[in-house]
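Structure first, then comments.
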Amino acid sequence: MPFQSTGCNPGIEETRKAAWEWAESNGLALSPVARKKMVRTRPELWISLIFPTASQQHLDLFCQWLFWAFLVDDEFDDGPAGRDPRMCEAAIDRLVAVLDGGPPRGAMERALVGLRTRTYRDRSARWIRQFRRDTVAWLWTYYAEAVERAAGQAPTRSEFVKHRRDSVAMQPFLDLHEITAAIDLPESARSLPAYIALRNAVTDHSGLCNDICSFEKEALLGYEHNAVRLIQRDRDCTLQEAVDEAGAQLAQIAQRVQRAEKELVEEIEAAGIEGPTRAALERCVQDYRGLVRGDFDYHARAERYTRPDLVEVDERDSMSEHFAA
């Protein structure tokens, strides 16, 4: 890990309390099992390591998005919707419709309306388009995985890299970074090859780090969409050999982050980008390093990843009441 820690937001404890109060006020009263899982997940830790200088207002909002996203993740990764493509499709269709302004049904959809309203306030149409694209792309990855599970298929390693770039859900949080950084990138900046490469590298690092730390937990659940599992299957090697290869790949991705940073500086010069747009891109370069390090540190500290022995198999045959109409 070549990047230095930027610390943890001092508002972590306040944002933890705000997240649980938000959940309760939105009717998201978790079952004892789901509550233990969320406590071990510590969304307030991830958000505070990723956004160490965010205001309390932004930290709370982003943590509530993450709390909501982890509920989605656990429902589709571990619950029956992840094994039934039709159930999965219907649920995601509803979430996307609500994100696009449709009427909510059920606690998760009502919570999404509130998050959407607070997030879109004072944001440009171009930013909203980007956030919507990234969020919807993430949601539909659950359907892709459900279909492959039902068909008894698994992606190739190269296919999985592209899939994981959306499924890890880092892209929407890179969009949220612009809120706390008080920037709004124009389309021209978003189209710079090195900016795209930088976002992809940051996202790929998070996805692979997550897979390395999640492998034992996901193996217990029979979950195949994991980079370590795919390496082990393709190479017919031991778990340790697969983990070692994944670790080497993680170091290479960190080098990609550094290379993309340098290339972005060169492209800013070549394009003659000045003023607020240049400052905004330079802010991304500055903050993304800390974001990568914060994500890395989180995975080493949250019991969701450090205690696979605490995993409880979800044997439900219907979705959580929070997703029901």
- Query: What are the two closest non-hydrogen atoms of Ala107 and Gly27, and how far apart are they?
  - Reply: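 Looks like CB-O, 3.8 Å.
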- Item | Flag side-chain contact, heavy atom, 4.5 Å: Gln171 against Asn200 |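 Side chain of Gln171 against side chain of Asn200, heavy atoms only: contact under 4.5 Å found.
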Looking only at side-chain N and O atoms, does [Y] offer a donor or acceptor that is under 3.5 Å from a partner on [X]?
X      : Y      : value
Ser124 : Asp184 : yes
Gln64  : Asp60  : no
His177 : Asp287 : yes

Students often mix this up, so state it plainly: with edges at 30° and 60°, are the rings of Trp20 and Phe67 parallel, tilted or perpendicular?
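Plane angle over 60°, so perpendicular.
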TODO: Could you check whether the rings of His299 and Tyr305 sit parallel, tilted or perpendicular, using 30° and 60° as the cut-offs?
DONE: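 Geometry flag for Tyr305 against His299: tilted rings.
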*Given Asp175, which of Arg132, Arg133, Arg126, Arg199 fulfils the salt bridge (Lys or Arg N to Asp or Glu O under 4.0 Å) condition?*
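When Arg132, Arg133, Arg126, Arg199 are each tested with Asp175, the salt bridge (Lys or Arg N to Asp or Glu O under 4.0 Å) holds only for Arg199.
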Is the CD atom of Glu241 crowded by more than 12 outside heavy atoms at less than 6.0 Å?
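Correct, the count exceeds 12.
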### Query
Quick check: are there more than 12 heavy atoms from other residues, nucleotides or ligands sitting under 6.0 Å from CZ of Arg157?
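Atom CZ in Arg157 is packed in, count exceeds 12.
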Apply ring-ring contact (aromatic ring centres under 6.0 Å, His included) to Phe70 and Trp46, showing your working.
CA-CA 12 Å; Phe70 272 123; Trp46 189 82; 7.9 Å; no
Checklist line | Contacts of type ring pair (Phe, Tyr, Trp, His ring centres under 6.0 Å), residue Phe62, not counting sequence neighbours | finding: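 Testing Phe62 for ring pair (Phe, Tyr, Trp, His ring centres under 6.0 Å), a comparison that skips the adjacent residues, returns Phe51, His58.
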